[in-house]
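Okay, so here's the structure we're looking at.
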There are 2 protein chains.
Amino acid sequence: MGDQVSLAVSTVIFALRPHPRTHRPVLWLPLVRRIRAPHQGRWALPGGPLASDEGLAASAARNLRETTRLTPQYLEQLYAFGGLDRASTADERTVSVIYWALVRPEEADAGEAGVNVQWFVADELPELAFDHSLIVEYALWRLRNKVEYSRIAAAFLGETFTLAELRAVHEAVLQRTLDPANFRRQMETAGRLVATEAFRTGGRHRPARLYRHDQSIHLADNGPLTGL
Amino acid sequence: MGDQVSLAVSTVIFALRPHPRTHRPVLWLPLVRRIRAPHQGRWALPGGPLASDEGLAASAARNLRETTRLTPQYLEQLYAFGGLDRASTADERTVSVIYWALVRPEEADAGEAGVNVQWFVADELPELAFDHSLIVEYALWRLRNKVEYSRIAAAFLGETFTLAELRAVHEAVLQRTLDPANFRRQMETAGRLVATEAFRTGGRHRPARLYRHDQSIHLADNGPLTGL
DNA sequence: AAAATAGTGTCTGTTAGACAATATGCG
DNA sequence: CGCATATTGTCTAACAGACACTATTTT
């Protein structure tokens, strides 16, 4: 005994914020500084051991709330990592179930929650603890993939939004500009948007119509349980 | 104490075999009859507790070998299930990491390995133990999805194969007929096939060219580790 | 020659992308 | 009015699917 496998849950939390230099919206994520060995002092994904009385997703959501004071708009399981090579200085063996989440930073924003928590631009991360650099890379790949065929981008926006706002989210995630005309048609063809009668005014230009997402369509597959 | 979470690994194993009535190739999978409570007597996915000295995928492969005497041609993680509602009569809490695998039944075939192991047609399963019916449904969905954009179908075939053979695999997985002309062009366009100089003779018709898969292309993403 | 599958050609409808043109509120 | 973005229109290349047609081997 003593060689029991322990189970942890960690989460890659994405939010959209302006880049400090370019001021264009980019992906950020919060990391936690490790205060004990192994990898003491390095930045790591927020997470912790799975409590015996909570589900995997619930554990991820709780940890997210404790780390950032935010509520996830979207939460999906990413992968379970359990290789023997993970814990570099290990008597103990840990399997980590990783989730990824999208949040709206507006809500509690710069509260900067915990003292050992700091937000980083997702594409400019330091070397992380354990295999967390690899995990973040994979989560980014999944997000960039999924934004193209699901209504996941909604998680970064409010109840209603203009097509330009929605397009800005896609552009930030995909890191390339999109043709406004073609983007509009793709969204219309996809049939996930519902036009409202309201318009966004205030710019020095023609007001844009506000849309909302069709609530009758599930946001995405949160695993085999909810989605199809 | 005593409320520790235990970790198990189970695998959905797919093979192609003729349907007992129609004789057309369909998906089969092996199940194990439970010999103890809970769900005693019901059929369940092969699996077992994770040994502390083996990785998750290694555990799945070992269990697959012990259950079917077969070597997986393809193995990928499906999902980690850890809801509190899983174990129906539980003092204990179990999180299951599920893998899915493709095997070639020709190899050891009707050995029918263990005495409590039986193969079933994937679309004609009885009610399974725990949430395993849901899990199989999800695995089928993943397989049917993936066959359309990866070279996963290769796992059901030998080193070389005709386009008709490859098409038969796709048809069996997708459960619909495919146009031979269009299928050929799609495979050629995808660029994953390499034509050999050999032909398959023996039918009462024109011989068909044999192809092989481009080895330089990874089979698929076995998680973030191998694939991209 | 007849059968049967291998393999090619052609047509149509849909879609992604590039880019031109028009619409309209705001300063 | 003129700017800036919203919104619509048009054209082309690529692709999927339906289906006709030709090629080649076995019996």
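Values reported hereafter were calculated over all heavy atoms of this structure, with side chains retained and with hydrogens, waters and symmetry mates removed.
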When you measure from the side chain of B:S133 to the backbone of B:L128, do you find a donor-acceptor pair of N or O atoms at a distance under 3.5 Å?
yes

Are B:E127 and B:R42 close enough for a salt bridge, meaning some N to O gap below 4.0 Å?
no

Looking at B:E137, I'd like to know if its CD atom is crowded, meaning that more than 12 non-hydrogen atoms belonging to other residues, nucleotides or ligands lie closer than 6.0 Å.
no

Does any donor atom in the side chain of A:E124 or A:H19 lie under 3.5 Å from an acceptor atom in the other side chain?
yes

What do you reckon, is CZ of A:R24 surrounded by more than 12 foreign heavy atoms closer than 6.0 Å?
no

Rounded distance (Å) that lies between atom C1' of C:dT15 and atom CD of A:E148
15 Å

Side chain of B:R185, base of C:dG7: donor and acceptor closer than 3.5 Å?
no

What residues in residues 194-213 of chain B put a non-hydrogen atom under 4.0 Å from any atom of DNA chain D?
B:G203, B:R204, B:H205, B:R206, B:P207

Of all of residues 171-184 of chain B, which get a heavy atom below 4.0 angstrom from DNA chain C, listed by number?
B:A181, B:R184

Whole angstrom is fine here: how far is it from CG in B:L166 over to P in C:dG7?
13 Å

Can you list everything that forms a ring pair (Phe, Tyr, Trp, His ring centres under 6.0 Å) with B:F199? Sequence neighbours excluded, please.
none

Mind checking whether A:W43 and A:F120 have parallel, tilted or perpendicular rings, split at 30° and 60°?
perpendicular

Let me confirm one number: the CG-CZ distance from A:L163 to A:R200, rounded to the nearest 0.5 Å.
11.5 Å

Rounded to whole Å, the CZ-C1' distance (B:R167 to D:dA16) equals 16 Å

